[in-house]
There are 2 protein chains.
Amino acid sequence: MPNDVTCHHFHDDKNCLCQVPIFNHLDTSELQKIINLVDSKSYKKNDFLYQPGDYTTALYVIRCGQVKIYRLSESSKEQVIRILKPGDFIGESSIFTNSVHESYAEILEDTDICIIEKDKLDDLMKKYPSIALKFLEEFSKRIEKTERQTTLIGSNSIDLRLAAYLINLYDRKHPKTPIKLTMTKKDLASYLGTTPETISRKLGKFEDSGYIRQISNKEILILDSEALELME
Amino acid sequence: MPNDVTCHHFHDDKNCLCQVPIFNHLDTSELQKIINLVDSKSYKKNDFLYQPGDYTTALYVIRCGQVKIYRLSESSKEQVIRILKPGDFIGESSIFTNSVHESYAEILEDTDICIIEKDKLDDLMKKYPSIALKFLEEFSKRIEKTERQTTLIGSNSIDLRLAAYLINLYDRKHPKTPIKLTMTKKDLASYLGTTPETISRKLGKFEDSGYIRQISNKEILILDSEALELME
DNA sequence: CGACGCTTTGACTATACTCAACCCGTGTGG
DNA sequence: CCACACGGGTTGAGTATAGTCAAAGCGTCG
């Protein structure tokens with residue numbers, strides 16, 4: 001049962017769960033039943049939700065905060081896989097394959113997480129088979145996304161990877177609004193398969209070329225989205 | 001209903017379907033019911049099962065042959081995602097998310113494929129909910145595998161990527177048996193995020209160092225697996 | 001036999017990594 | 001409240017790695 005609601009973004013579990021794609025097709029009363037199955041826990045910055053070798057038996061839904069999923073390569077370099085935001089979930093690799101984790105889930109800032117134990121999730125899926133279908137849909141999307149990431153890293157120059165990343169954050173409805181970098185540049189570098197130094201230099205180059213303006217460490221204004229899109 | 005069984009590896013659909021992880025927990029009579037739902041089709045080399053933009057409504061199970069799944073990057077380079085072998089399946093991205101394909105599925109050699117239409121698969125999953133669970137397990141594994149691939153490409157030198165690939169094919173139970181390269185070197189280069197020239201040179205280097213011996217174009221004998229594993 | 005695609009080799013080049021120094025902002029403790 | 005330490009970020013110089021382009025070898029298929 002949820003107890004410590006120190007979270008600023010969501011004031012109850014329902015607000016957290018109803019925006020999870022897996023559950024957002026359910027009606028209020030169904031959602032209420034799920035909420036009763038859910039536990040909640042707070043994590044502090046630098047904690048780990050799990051590490052390689054850990055065996056977890058729950059699905060974790062981010063209520064507020066940020067969690068970094070990364071792997072260590074054969075050469076012990078960190079490869080950021082994704083950053084979890086409120087509404088995102090993780091833990092499925094361990095619960096659906098009954099195997100240990102291969103990646104790290106590190107808490108980036110104080111974070112509240114909803115916990116659904118595997119057996120309760122099994123009951124839920126039995127009761128509402130649509131949930132399993134939603135999982136399948138969600139997993140398919142995640143496979144596509146990871147494949148896109150592989151392609152981005154495997155077949156493109158750093159210029160292009162970075163440009164593609166920026167364009168992806170760009171909202172053409174609001175061209176004057178600077179985009180916000182949620183990762184540190186260090187993590188962004190790892191995500192794009194490069195180094196912080198290179199990121200720094202490329203952003204400088206983009207600025208010199210008039211494609212962007214670096215407002216602050218975490219904010220970038222896109223001046224010429226065309227140029228970024230046509231980058232090769 | 002299956003008709004043209006020109007395939008050398010499997011002489012009936014059952015042999016094909018029962019080795020698919022999704023179905024291999026079912027008993028003979030259940031399997032028989034599925035076989036009745038299955039259609040079969042032959043494809044010729046250089047055909048495409050689908051291309052980006054196509055919308056397909058079936059799950060495809062490889063009965064015999066090889067299919068290459070690849071994407072084009074922003075800079076129009078081919079990134080090989082995986083090579084499908086007998087028993088592998090594909091098409092889930094389109095049927096579970098109702099969206100068009102982003103990748104190419106190209107037939108590499110004459111290939112027979114079992115086709116299960118989405119609505120029939122839905123019926124199956126309703127009847128045997130264990131199938132949906134098997135899908136979830138399979139998808140979780142595929143996510144892990146793709147994340148491993150991203151990490152391999154994003155954070156390692158080509159030496160290490162290639163060594164890791166070779167080690168992966170190596171069977172330490174039979175150290176004297178040469179490993180077989182199923183992809184062309186061109187495709188292998190794309191899979192590892194590099195160029196055919198570099199693959200050629202690296203293999204030459206490994207041979208000079210005494211780590212491997214290139215028996216033929218498609219066969220490599222591992223002489224020093226330790227060295228390959230410790231590569232950085 | 002000829003054509004085509006894959007593979008290899010060579011020479012050159014560019015890209016991005018490494019290492020080191022320094023800057024900056026934040027948070028901690030005296 | 002200031003000093004300091006720490007981690008992230010930037011800049012510079014030098015270098016290594018792997019990409020490009022071109023040419024030629026090889027194998028297979030029609």
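Computed from heavy atoms alone, side chains included, the values below leave out hydrogens, waters and symmetry copies. Residue numbers begin at 1 in each chain, while the letters A, B, ... track the order of the sequences. Given the structure is predicted, the values throughout are model-derived calculations rather than measurements.
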Can you check the [X] [atom1] to [N] [atom2] distance for me, whole Å?
X: Lys185(A); N: dC23(C); atom1: NZ; atom2: C1'; value: 13 Å
X: Ile215(B); N: dT7(C); atom1: CD1; atom2: P; value: 17 Å
X: Lys218(A); N: dT10(D); atom1: NZ; atom2: C1'; value: 14 Å
X: Arg161(A); N: dA16(C); atom1: CZ; atom2: P; value: 7 Å
X: Lys68(A); N: dG8(D); atom1: NZ; atom2: C1'; value: 12 Å
X: Asn156(A); N: dT15(C); atom1: CG; atom2: P; value: 14 Å
X: Asn46(B); N: dG5(C); atom1: CG; atom2: P; value: 10 Å
X: Asp187(A); N: dG8(D); atom1: CG; atom2: C1'; value: 10 Å

For Glu197(B) and for Lys202(B), locate the closest nucleotide of DNA chain D by heavy-atom distance; then report the residue assigned to the nucleotide nearer the 5' terminus. Lys202(B)

For the rings on Phe96(A) and Phe139(A), is their centre-to-centre separation under 6.0 Å? yes

Tyr60(A) ring center within less than 6.0 Å of Tyr43(A) ring center: no

Measure from the side chain of Ser157(A), starting at C-beta and using heavy atoms only, and say which of dG19(D), dC6(C), dA16(C) lies closest. dA16(C)

Any side-chain N or O of [X] below 4.0 angstrom from OP1/OP2 of [N]?
X: Thr194(A); N: dA16(C); result: no
X: Lys77(B); N: dT20(D); result: yes
X: Thr198(A); N: dA16(C); result: no
X: Ser200(B); N: dT7(C); result: no

Under 3.5 Å, is there any donor-acceptor pair linking the side chain of Arg201(B) to the base of dG19(D)? no

Atom NZ of Lys45(B): over 12 foreign heavy atoms under 6.0 Å: no

Is the number of heavy atoms from other residues, nucleotides or ligands under 6.0 Å of Lys145(B) NZ greater than 12? no

Does the side chain of Ser155(B) pick up a donor-acceptor pair with the side chain of Gln79(A) at under 3.5 Å? yes

Just checking Lys45(B): base, sugar-phosphate only, or nothing, at a heavy-atom cut-off of under 4.0 Å? nothing

